[in-house]
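Along the sequence shown, residues are numbered consecutively beginning with 1.
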Amino acid sequence: MNPHTLAVAALGVTGIYAIWSDVRSRRLPNGLCIIVAVLGVAVTLYANGPGVAGSGLLHGLAALLVGMLLFSAGTIGGGDAKYYAAVAVWYSISQAGQLLLSVSAAGFVLFIAWFVWRRLRGIKVAKASFPNADKFPYGVAIAVGAFALLVAPSISW
């Protein structure tokens, strides 16, 4: 099988599950993050060899460190931090900026759509969001941004 097709299929299927899980319960399970990271290493190793796979692992570890710092500061959720790190494994460290930009752009567009949808339904967005169902599911943006970068790397947001 073509390595790019394999990557698109694997990241696409796991991304769909991540979206479903985050929208449904505002959770990104640890098992999902582990599967995404392992698939990332395997597919990258198969497609590009050990050098790029190692760079992807370094990217994932750096993303996990930053994500855990942001989580400890209360800025993002722990599942979002782990899922972003798992997705980062799919991209070399030199693509870190591209992934961050792609996920951020997807997050911006999706947040605006989510905000408008909630306002049209008469649901106010509060500063402190309780219960969890009121929180924006950022795993959706991570999945969409990572997938967009994989299928159309030349798109400049």
Side-chain angles (χ1 to χ4, degrees), residues 1-71 75-118 132-133 135-157:
M1 176 181 264
N2 175 333
H4 190 259
T5 303
L6 178 63
V8 167
L11 195 59
V13 168
T14 56
I16 289 168
Y17 181 79
I19 290 168
W20 175 80
S21 178
D22 207 19
V23 167
R24 186 179 125 269
S25 64
R26 299 305 189 269
R27 293 193 68 241
L28 294 163
N30 290 340
L32 170 68
C33 296
I34 291 167
I35 289 168
V36 170
V38 168
L39 282 172
V41 171
V43 170
T44 305
L45 188 59
Y46 172 67
N48 302 309
V52 175
S55 180
L57 277 171
L58 181 62
H59 182 197
L61 289 172
L64 184 61
L65 177 64
V66 171
M68 289 296 109
L69 289 172
L70 291 171
F71 170 68
T75 307
I76 64 171
D80 297 328
K82 291 179 284 188
Y83 182 56
Y84 185 91
V87 165
V89 170
W90 289 75
Y91 301 94
S92 69
I93 194 77
S94 66
Q95 295 174 295
Q98 289 174 293
L99 179 61
L100 183 60
L101 183 60
S102 185
V103 169
S104 298
F108 177 74
V109 170
L110 291 168
F111 180 79
I112 296 299
W114 177 79
F115 182 82
V116 168
W117 177 76
R118 287 176 58 88
N132 262 352
K135 294 180 180 176
F136 177 69
Y138 207 77
V140 176
I142 297 168
V144 169
F147 189 77
L149 183 60
L150 184 64
V151 297
S154 63
I155 290 179
S156 107
W157 292 89

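Shown here are the side-chain contact (heavy atoms from CB on, under 4.5 Å) partners of Leu150, two or more places apart in sequence or in another chain: His4, Ala7, Val8, Leu11, Tyr91. Applying the ring pair (Phe, Tyr, Trp, His ring centres under 6.0 Å) criterion to Tyr17, with sequence neighbours excluded, gives Trp20. Here Ile35 pairs with Thr14, Leu39 under the side-chain contact (heavy atoms from CB on, under 4.5 Å) rule; sequence neighbours left out. Applying the side-chain contact (heavy atoms from CB on, under 4.5 Å) rule to Val66 yields the partners Leu70; only residues at least two apart in sequence or on another chain are considered. Residues meeting the side chain to side chain donor-acceptor pair (under 3.5 Å) test with Thr5, sequence neighbours left out: none. Annotation: side-chain contact (heavy atoms from CB on, under 4.5 Å) contacts of Asn48 (sequence neighbours excluded): Thr44, Val52.
With hydrogens and angles disregarded, no donor-acceptor distance shorter than 3.5 Å links the side chain of Ser55 to the backbone of Gly51. In this structure, Arg27 contributes its side chain and Gly79 its backbone to no donor-acceptor pair below 3.5 Å.
Taken from CD1 in Ile142 to CD1 in Ile19, the straight-line distance is 10.5 Å, to the nearest 0.5 Å. Here the OG-CG distance, from Ser94 to Leu58, works out to 10.5 Å after rounding to the nearest 0.5 Å. Expressed to the nearest 0.5 Å, how far CG of Leu99 lies from CG of Leu149 amounts to 6.0 Å. The CZ atom of Phe136 sits 5.0 Å away from the CG atom of Leu110 when rounded to the nearest 0.5 Å.
Residue pairs meeting the ring-ring contact (aromatic ring centres under 6.0 Å, His included) criterion with at least one member in residues 41-68: none, sequence neighbours excluded. Pairs engaging residues 79-88 under the side-chain hydrogen bond (donor to acceptor under 3.5 Å, both in side chains) rule: Asn30-Lys82 [sequence neighbours left out].
For the residue pair Val87 and Ala146, the shortest heavy atom distance occurs at CG1-CB, 3.1 Å. Summarising the geometry of Ala81 relative to Leu64, their closest heavy-atom pair is O-CD1, 4.4 Å, with the distance given to 0.1 Å. Residues Val89 and Val41 approach most closely at CG1-CG2, 3.4 Å, considering heavy atoms.
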